[in-house]
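Since the model is a prediction, treat every value here as computed from it, not as a measurement.
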Amino acid sequence: MNSIRKSWEIEAAGHQLLLREWTFEEEEHTLLTETWKRQAQQHEKDVERRKRDEEQRQEKIRKEWDHEVEEHDRLLKDRRRREEEERQKLNMFWGHVESHQCTTYGTKEYTALLMNLPATWEHRVEACKVTPLEVHGISYLPKSCEDKGPGVVTGRWEINHNEPDCASYWRSYQDKASPIKMPLTLRIEHYLENLPHGGDWREFCATTPVSFHDMHFVGAQECFQYNLGTYGHWEIDDSSC
């Protein structure tokens, strides 16, 4: 009987020890969980803080950049204003104006030399770009400027107003389509008239406008030369079929 009681006491003591171990493990687990939770919360706070710091840094950089851009634009405007005032005082204008060959349909090239330009003037190309030239009663700014050294700048224009010498045109309408080889198709041929001397026949053929069959074309679809003449071709659907 004593041996049975002693065995129960040993088992009860073992059970109590096991309960204490479980309780300890549970408390340790709870403590570990709370530690992880605090670490996770701290991590989230650190992430939010770093994100906020980065946003503030980026905002500071953006404001500094905006300020630099505004300051650059202000200085550029001030410089241009001073240059324009100085240019007007010097009364710069275009001289030695020359017309050249036609470059494309209705367009002729002009060049001129910028006058009253001091040899020491640093921004001579900028002065060229803002100085207008009057051609046929209309003022034009240069298409390009060429700096040829101290005190020498030339401007270049392509004038497409009131240039009849550059106005080629089409005549001699013919339908070259074969009703057998090309049914339902019109193959229209025109002869290019008034091609300027020295002009690029391909350029003028491709840019000389024409209208026929209630349609308008900015130039020929195909171009070729025959017996020193320039011809254009168009292929269109035959609406009468």
- prompt: Tell me, do Thr103 and Glu203 make a side-chain contact under 4.5 Å, heavy atoms counted?
  reply: no
- request: I would like to know whether Val218 and Thr207 meet side chain to side chain contact (heavy atoms under 4.5 Å, CB included); could you show each step before the answer?
  value: CA-CA 6 Å; Val218 296; Thr207 59; over 6 Å; no
query: Taking atom CD1 of Ile159 and atom NZ of Lys143, what is their separation to the nearest 0.5 Å?
result: 10.5 Å
Heavy atoms of other groups near His72 NE2, more than 12 under 6.0 Å: no
message: Quick check: closest heavy atoms across His216 and Ser211, and the distance to 0.1 Å?
response: ND1-OG, 2.7 Å
field: side-chain hydrogen bond (donor to acceptor under 3.5 Å, both in side chains) involving Arg57 - partner list, sequence neighbours excluded
entry: Glu54
Gap separating the OH atom of Tyr231 from the CH2 atom of Trp170, nearest 0.5 angstrom: 11.0 Å
- prompt: Do Leu141 and Leu133 sit in the same hydrophobic cluster, where Ile, Leu, Val, Met, Phe, Trp and Tyr count as joined when their side-chain heavy atoms come under 4.5 Å apart?
  reply: no
- prompt: If we only count heavy atoms from C-beta on, is the Tyr110 to Val135 side-chain gap below 4.5 Å?
  reply: yes
query: Can you tell if the side chain of Leu192 reaches within under 4.5 Å of the side chain of Thr208, non-hydrogen atoms only?
result: yes
task: Assess the side chains of Gln174 and His190: does a donor N or O sit below 3.5 Å from an acceptor N or O?
output: no
- request: For residues Gln42 and Asp46, determine if any side-chain heavy atom of one lies less than 4.5 Å from a side-chain heavy atom of the other.
  value: yes
query: What is the minimum heavy-atom distance between Pro142 and Gly155, and which atoms define it?
result: CB-CA, 4.5 Å
task: Could you tell me which non-hydrogen atom of Arg124 sits nearest to which non-hydrogen atom of Ala119, and how far apart they are?
output: NH1-O, 4.3 Å
- request: Grab the two heavy atoms, one from Gly95 and one from Met115, that are nearest each other, plus how far apart they are.
  value: N-CG, 3.4 Å
message: If you define the side chain from C-beta out and look only at heavy atoms, does anything of Tyr105 sit under 4.5 Å from Ser168?
response: yes
- request: Give the minimum heavy-atom separation between Gly198 and Gln101, together with the two atoms involved.
  value: O-OE1, 3.5 Å
query: Is Glu59 salt-bridged to Arg62, going by a charged N under 4.0 Å from an acidic O?
result: yes
- request: Quick one: pull up CD in Glu70 and CG in Leu75 and give me the separation to the nearest 0.5 Å.
  value: 12.0 Å
- request: Please collect all disulfide (SG to SG under 2.5 Å) contacts where either partner lies in residues 136-171, sequence neighbours excluded, each pair once.
  value: Cys102-Cys166, Cys128-Cys145
field: Heavy-atom pair of closest approach, residues Gly149 and Asp147
entry: N-OD1, 2.9 Å
field: ILVMFWY network linking Trp157 to Val97, side-chain heavy atoms under 4.5 angstrom
entry: yes
query: Taking 4.0 angstrom as the limit, do Arg187 and Asp175 come out as a salt bridge?
result: no
task: Could you tell me whether Arg49 and Asp53 have a side-chain N and a carboxylate O separated by less than 4.0 Å?
output: yes
query: With a cutoff of under 4.5 Å between side-chain heavy atoms, which Ile, Leu, Val, Met, Phe, Trp and Tyr residues group with Val69?
result: Trp65
message: In the structure I gave you, are the side-chain heavy atoms of Lys108 and His100 within less than 4.5 Å of one another anywhere?
response: no
- line: Students should find that the hydrophobic cluster of Trp36, defined by side-chain heavy atoms under 4.5 Å apart, otherwise consists of Leu32
task: Without swapping roles, check the side chain of Asp200 against the backbone of Arg202 for a donor-acceptor pair under 3.5 Å.
output: yes
field: Spacing of Asn116 atom CG and Met92 atom CE [to the nearest 0.5 Å]
entry: 8.0 Å
query: Is atom CD of Glu71 surrounded by more than 12 heavy atoms (other residues, nucleotides or ligands) closer than 6.0 Å?
result: yes
field: His136 atom NE2, neighbour heavy-atom count above 12 within 6.0 Å
entry: yes
message: Taking salt bridge (charged side-chain N to carboxylate O under 4.0 Å, His left out) as the definition, give me every residue that meets it alongside Glu109, ordered by chain and number, with sequence neighbours left out.
response: Arg156
field: Verify same cluster id: Phe217, Ile188 (apolar side-chain graph, 4.5 Å)
entry: yes
query: In chain order, what residues pass the side-chain hydrogen bond (donor to acceptor under 3.5 Å, both in side chains) check against Glu193, with sequence neighbours excluded?
result: Arg171
- prompt: Is the gap between the ring centers of Phe224 and His233 under 6.0 Å?
  reply: yes
task: Verify the cluster assignment for Met215 and Leu186: are they in a single hydrophobic cluster under the rule of side-chain heavy atoms below 4.5 Å apart?
output: yes
field: Donor-acceptor side-chain pairing of Thr230 and Gln225 below 3.5 angstrom
entry: yes
task: To the nearest 0.5 angstrom, please state how far the CH2 atom of Trp201 sits from the CG atom of Leu195.
output: 10.0 Å
- prompt: Within a strict 4.5 Å, meaning less than it, do heavy atoms of the Thr154 and Leu114 side chains meet?
  reply: no
message: When you group the ILVMFWY residues by side-chain heavy-atom contacts below 4.5 Å and let the links chain together, are Tyr191 and Phe212 in the same group?
response: no
- prompt: Would you say Val210 and Trp234 make side-chain contact, with heavy atoms under 4.5 Å?
  reply: yes
